[in-house]
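These notes are about the structure you will find just below.
Keep in mind the model is a prediction, meaning the values are calculated, not measured. Within every chain, numbering begins at 1; the chains are lettered A, B, ... in the order of the sequence lines, protein sequences first and strands thereafter.
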Protein chains: 2
Amino acid sequence: MKKNNSIGEILRKRREEKGLLLRQVAALLDVDTAILSKIERGERKAKKEQIVQLAKILELNQEDLIIQFLSERILYEIQDEELGEKALKVAEQKIKKNNTKQIKD
Amino acid sequence: MKKNNSIGEILRKRREEKGLLLRQVAALLDVDTAILSKIERGERKAKKEQIVQLAKILELNQEDLIIQFLSERILYEIQDEELGEKALKVAEQKIKKNNTKQIKD
DNA sequence: ATTAACTTGACAATATTTGTCAATTATAGC
DNA sequence: GCTATAATTGACAAATATTGTCAAGTTAAT
């Protein structure tokens with residue numbers, strides 16, 4: 001019951017499924033293979049634009065990939081923060097509060 | 001029934017309660033008053049270190065202030081992102097999953 | 001109108017992120 | 001063993017974002 005946890009694993013798995021080389025995908029992305037290699041192994045973060053492109057290149061669901069991407073970005077922000085989980089919950093509450101406010105508009 | 005929504009409002013309210021000037025607090029923080037002014041009005045983000053110092057200077061609950069600070073940082077990351085709320089939820093799930101994993105350690 | 005507190009915006013300094021490149025390691029086929 | 005190709009690594013450079021300073025401009029009270 002293995003799961004794709006990180007966006008990097010998702011990307012690598014799909015790239016290999018499609019039989020593409022780092023070099024090939026990197027060329028389409030317009031970066032050096034070194035970067036894509038690092039993204040796939042989680043050593044570097046991708047830019048959102050690159051995630052969008054990768055979804056297209058690898059024929060992955062774009063929304064799912066972006067959600068994955070954003071969630072990693074969020075987690076990165078609160079890494080090593082003891083109060084991170086509480087902050088996440090507060091952030092959610094704030095979003096919800098704003099949503100209900102939108103009724104006015 | 002007014003609420004303190006932003007960290008800036010909290011800081012300003014408390015500073016005024018204590019009868020302190022921007023200049024005075026800024027000096028303790030070791031930045032120009034311009035920065036503190038901007039932080040209080042939400043035009044700039046504070047650094048975490050500054051939040052910690054401000055909690056001390058203004059005698060505010062440090063944990064609460066940090067939670068507030070982190071939640072704003074999180075929200076900043078997903079601003080303008082349609083999928084932000086979903087990403088937040090995914091981020092929470094991931095944290096929880098990691099928490100239960102910790103049992104092994 | 002003078003003064004003190006605060007605000008604003010242009011710019012500089014710093015820090016972080018993103019990228020390139022060359023050298024190295026890994027892997028597969030002779 | 002060699003040789004080829006793919007991928008990884010790390011040092012460095014370029015680009016971007018953040019944080020800060022400063023001086024000029026408001027605002028508000030006297």
Nearest-nucleotide pick for A/R15, side chain only, options being D/dT19, D/dA7, D/dC22: D/dA7
OP1 or OP2 of D/dT9 under 4.0 Å from side-chain N/O of A/R41: yes
Nearest listed nucleotide, side chain of A/A34, among D/dC22, C/dC21, C/dG19: C/dC21
Closest approach of B/A26 to B/L36 (non-hydrogen atoms, all atoms of both residues): N-CD2, 3.7 Å
Touch class at under 4.0 angstrom, heavy-atom based, for A/Q50 against every strand present: sugar-phosphate
Who pairs with C/dA26 - Watson-Crick or G-U, where each distance is under 3.5 Å: D/dT5
Touch class at under 4.0 angstrom, heavy-atom based, for B/L21 against every strand present: sugar-phosphate
Side chain B/Q24, main chain B/L21, donor-acceptor under 3.5 Å: yes
Gap between atoms NZ and P, on A/K45 and C/dT16 respectively (whole Å): 11 Å
Nucleotide nearest A/S37 when distance is taken to its side chain, options C/dT18, D/dA7, D/dT19: D/dA7
Nearest-nucleotide pick for B/R44, side chain only, options being C/dC6, D/dT9, D/dG20: D/dG20
Gap between atoms CG and C1', on B/L11 and C/dC6 respectively (whole Å): 16 Å
Short side-chain donor-acceptor distance under 3.5 Å, B/Q68 and B/S71: no
Under-4.0 Å side-chain N/O to phosphate OP1/OP2 contact, B/Y76 with D/dT18: yes
Touch class at under 4.0 angstrom, heavy-atom based, for B/K38 against every strand present: base
Separation of D/dA14 P from A/D30 CG (nearest whole Å): 18 Å
Passing candidate, side chain to side chain contact (heavy atoms under 4.5 Å, CB included) with A/R14, options A/L54, A/L58, A/V25: A/L58
Residue-phosphate contact under 4.0 Å: B/K47 side-chain N/O, D/dG20 OP1/OP2: yes
For A/N5 against A/E72, the heavy-atom pair lying closest together: O-OE2, 4.3 Å
Length of the CG-C1' vector between A/L22 and D/dT5, whole Å: 12 Å
Chi-based syn or anti call at D/dA14, which uses purine or pyrimidine torsion atoms and a 90° bound: anti
Options C/dG19, D/dT5, D/dT21, nucleotide nearest the side-chain atoms of A/R23: D/dT5
Nucleotide C/dT14, atom C1' - distance to CD of B/E49 in whole Å: 17 Å
B/R73 CZ to D/dT19 C1', straight-line distance once rounded to whole Å: 14 Å
Rounded distance (Å) that lies between atom C1' of D/dT21 and atom CG of B/L29: 15 Å
Test: A/K48 cationic atom under 6.0 Å from A/F69 six-membered ring centre, within 45° of axis: no
Atom-pair distance (CG on B/D32; P on C/dA10), nearest Å: 17 Å
